> 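Take a look at the following structure, please.
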2 protein chains.
Amino acid sequence: MSLRYAVLAALLEGEASGYELSKSFDVSLANFWPATPQQLYRELERLAGDGLVASRVVRQERRPDKRMFTLTEAGRAELGAFAGRPPKRPTAVRDELLIKVQAMDGGDPDVTRVLIEERMDRVRGKLDRYRRLRDRLLDGRAEDEYLATAERVGPYLTLMAGIGFEEQNLRWCERALLVLARRVPLG
Amino acid sequence: MSLRYAVLAALLEGEASGYELSKSFDVSLANFWPATPQQLYRELERLAGDGLVASRVVRQERRPDKRMFTLTEAGRAELGAFAGRPPKRPTAVRDELLIKVQAMDGGDPDVTRVLIEERMDRVRGKLDRYRRLRDRLLDGRAEDEYLATAERVGPYLTLMAGIGFEEQNLRWCERALLVLARRVPLG
DNA sequence: CGCACCTATTCAAATAATTGAGTATGTGAG
DNA sequence: CTCACATACTCAATTATTTGAATAGGTGCG
């Protein structure tokens, strides 16, 4: 059910096609509500059927036609109502690496270390992208200044959540590596 | 597919019934791989079919019979192999509250603040439980001492991940409340 | 020219997850 | 005595999610 509202929230940024949504989703909402392109297309179809989004076909010259979607007033109202209701489901994290860490004892700690180092690489990449996005939002202004003038703070707050989460992720990896290093001293 | 290994990892702690697993899952593996009792029962059934766990029926006097499950050697081997392979899926977070925060602009910030305060209550409760669990594990020893002598560090590392995640969660909530307080000054 | 990758979507099949109820019995609080 | 809650599961129905492929043209590299 929440995907529905995630899509509506994404459309607050303005008109978009399913394809564009699937791209912009990746760098923002997917960080707390992942969805594949297929899920987005299906959801947009349903939302259009319920009158929460309106669509128009845009013909293009050197590319396939695309369907652009906009929030309707009904959609905006539904989203507003959703935003005020307490969440139905608790936050869920699915992290395969932690299953492997939980199960590591008895195996080779060095193998687990390699997995954690790979995780760190990916986390660092994600943090770089997040920080570039934040810099683009701030556009040279200090945070205080931005928050005082910006019309929307929601996307900024969720971005801060993403940055904080990945920073914490990195701190955990560092600690875990220290613990594993002690387990199997070099030499 | 990962649930399979999460269940095997849980059975590293020793023999358990489906019911017991669904209880212990809640306080450990569910924090990075949630599962309902129904999922666990189904998975145990499959694992037994594949010979990765063995089961025996325990008759009880004042309670219904239960089926106790143990890791087989094949199960232990499968789990070990899994623990060394790089994760198939990236970490996924599903957090309905963040959709609401993303969508809040245009609505009443005070409503969002209430939701964040409710989140803080739940997070603090979770942190308390985590910390009690850590204290039980450490049993009076300092962390260094524990890590030097413990036969298993996996469960400790995943517990630290849970604590760190919730602490970060709390820090984000505090920041978000500050931002929202500025948005709508009291009076 | 061939190959890989981008735009832009749709379809179908398989697997996984959620929800709600049902079956039994026992314990403890008020 | 009743009500809620714990033990210990099972079943069925519906939704959601994942995976792979199909369609169809365009761009850029060597």
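Residue numbering restarts at 1 for every chain, and letters A, B, ... go by the order of the sequence lines. Bear in mind the structure is a predicted one, so any value in this text is a computation, not a measurement.
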> Taking side-chain hydrogen bond (donor to acceptor under 3.5 Å, both in side chains) as the definition, give me every residue that meets it alongside Tyr41(B), ordered by chain and number, with sequence neighbours left out.
none
> Would a hydrophobic clustering, with Ile, Leu, Val, Met, Phe, Trp and Tyr connected at side-chain separations under 4.5 Å, put Val93(B) with Leu157(A)?
no
> Measure from CD on Gln60(B) to C1' on dA6(D) and round the result to the nearest Å.
12 Å
> With sequence neighbours excluded, what pairs up with Asp50(A) under the side-chain hydrogen bond (donor to acceptor under 3.5 Å, both in side chains) test?
Arg4(A)
> Mind listing the residues from residues 19-40 of chain B sitting with a heavy atom below 4.0 Å of DNA chain D? Number order is fine.
Tyr19(B), Lys23(B), Gln38(B)
> Please find the earliest and latest nucleotides of DNA chain C, in the 5' to 3' direction, that have an atom within less than 4.0 Å of any heavy atom of chain A.
dC6(C) to dT19(C)
> Output the rounded distance in Å from CZ (Arg94(B)) to C1' (dA16(D)).
9 Å
> Could you tell me whether Glu45(A) and Arg67(A) have a side-chain N and a carboxylate O separated by less than 4.0 Å?
yes
> Spell out, as yes or no, whether a donor-acceptor pair under 3.5 Å connects the side chain of Arg134(B) to the backbone of Arg129(B).
no
> Can a donor-acceptor pair be found between the side chains of Tyr146(A) and Asp139(A) at a distance below 3.5 Å?
no
> Output the distance between atom OG1 (Thr158(A)) and atom CD1 (Ile99(B)), rounded to the nearest 0.5 Å.
10.5 Å
> What integer distance in Å separates Phe69(B):CZ from dC9(D):C1'?
10 Å
> In this structure, how many angstroms lie between the P atom of dT15(D) and the CZ atom of Arg42(A), rounded?
13 Å
> With side chain to side chain donor-acceptor pair (under 3.5 Å) as the test, pick out the partner of Thr91(A) among Arg119(B), Glu96(B), Arg122(B).
Arg119(B)
> Base, sugar-phosphate or nothing for Arg46(A)? Non-hydrogen atoms, less than 4.0 Å.
sugar-phosphate
> Test your reading of the model: is there a side-chain donor-acceptor pair from Arg141(B) to the backbone of Leu138(B), 3.5 Å cut-off?
yes
> Would you indicate whether the side-chain heavy atoms of Val179(A) and Met160(B) approach each other to under 4.5 Å?
no
> Using 30° and 60° as the class boundaries, would you call the ring planes of Phe82(B) and Tyr5(B) parallel, tilted or perpendicular?
parallel
> Assign Arg67(A) to base, sugar-phosphate, or nothing according to its heavy-atom contacts below 4.0 angstrom with the strands shown.
sugar-phosphate
> Using heavy atoms and a sub-4.0 Å distance, could you list which residues of residues 1-16 of chain B are near DNA chain D? By number, please.
none
> What's the angle between the local helix axes at either end of the helix from dC1(C)-dG30(D) to dG30(C)-dC1(D), using five pairs per end and rounding to 10 degrees?
40°
> Would you kindly say whether Ser2(B) and Arg94(A) are connected by a side-chain donor-acceptor distance under 3.5 Å?
no
> With nearest nucleotide decided by heavy atoms, which residue, Lys66(B) or Arg89(B), maps closer to the 5′ end of DNA chain D?
Lys66(B)
> Ion pair present between Glu174(B) and Arg171(B), side-chain N to carboxylate O less than 4.0 angstrom?
no
